[in-house]
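What follows is one structure encoded as C-alpha cells, with my remarks underneath.
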Amino acid sequence: GDVLDCGYAEGKNYAINFPLNDGMDDDSFRSIFRPVIQSIMERYAPGAVVLQCGADSLSGDRLGCFNLSLKGHADCVDFVRSFNVPLLVLGGGGYTLR
C-alpha cells in the first residue's frame, strides 16, 4: 500500500505501510523491519499477530522485486515470535515454480 493508506472506518490508523526500494536484501530489510515492528508492538500491544510471509519477496521470484532469502524470512518470523503473543503465519505470493 501507499504510505498514506492508514486504514478505513473503525480500522483507521491501524494500517501501517512502509514503502521499500526494489532489490531489498536480508540486511536492508532487517534494518527496517525490526525497528518498525518493535514500535508497532509497543504502540498497539496486540493480543495476537497475523504475519503474512509472501514468497514473492524471495530472490529470483519473477514478479517480486526484492532479494530476500529463506533465512531472511525466518529472521522476521523469529523476531515477531520474540514478543510472545499468539502468532498465525500465512504464506502468499510467490510466482516462480521450482
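- Rounding to the nearest 0.5 angstrom, the gap separating the CE atom in Met24 from the CZ atom in Arg30 is 14.5 Å.
- The salt bridge (Lys or Arg N to Asp or Glu O under 4.0 Å) test applied to Asp26 returns no partner, not counting sequence neighbours.
- Taking a 4.5 Å side-chain heavy-atom cut-off between Ile, Leu, Val, Met, Phe, Trp and Tyr, the cluster of Val3 extends to Leu4.
- The side chain to side chain contact (heavy atoms under 4.5 Å, CB included) search around Ser39 returns none, not counting sequence neighbours.
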Distance-only donor-acceptor pairs under 3.5 Å for side chains of residues 77-86, two or more places apart:
unit_1	atom_1	unit_2	atom_2	d
Ser82	OG	Phe79	O	2.5

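- Contacts of Cys6 classified as side chain to side chain contact (heavy atoms under 4.5 Å, CB included), with partners at least two apart in sequence or in another chain: Lys12, Asn13.
- Sorted pairs that involve residues 56-78 and meet ring pair (Phe, Tyr, Trp, His ring centres under 6.0 Å), not counting sequence neighbours, are lacking altogether.
- Every pair passing ring pair (Phe, Tyr, Trp, His ring centres under 6.0 Å) that includes a residue from residues 3-27 is listed here, sequence neighbours excluded: Tyr14-Tyr44.
- Ile16 contributes atom CD1, which lies 12.0 Å from atom CG of Asp5 (distance to the nearest 0.5 angstrom).
- Residue pairs meeting the salt bridge (Lys or Arg N to Asp or Glu O under 4.0 Å) criterion with at least one partner in residues 33-47, sequence neighbours excluded, are Arg34-Asp75.
- Residues satisfying the side chain to side chain donor-acceptor pair (under 3.5 Å) criterion with Asn17, sequence neighbours excluded, are absent altogether.
- Scanning both residues, Gly7 and Ala15, for their nearest heavy atoms gives N-CB, 3.6 Å.
- Contact check for Val89 versus Gln52: no side-chain heavy atoms found under the 4.5 Å cut-off.
- For Phe33, the ring pair (Phe, Tyr, Trp, His ring centres under 6.0 Å) partners at least two apart in sequence or on another chain are Phe29.
- You'll find the side chain of Leu90 stays beyond 4.5 Å of the side chain of Leu51, heavy atoms only.
- Counting non-hydrogen atoms of neighbouring residues, nucleotides and ligands closer than 6.0 angstrom, the CG atom of Asn21 reaches no more than 12 such neighbours.
- Remark: Asn67 pairs with Ser59 by the side chain to side chain contact (heavy atoms under 4.5 Å, CB included) rule, at least two apart or across chains.
- At least one side-chain heavy atom of Ile32 sits under 4.5 Å from a side-chain heavy atom of Leu20.
- For Glu10, there are no side chain to side chain donor-acceptor pair (under 3.5 Å) partners two or more places apart in sequence or in a different chain.
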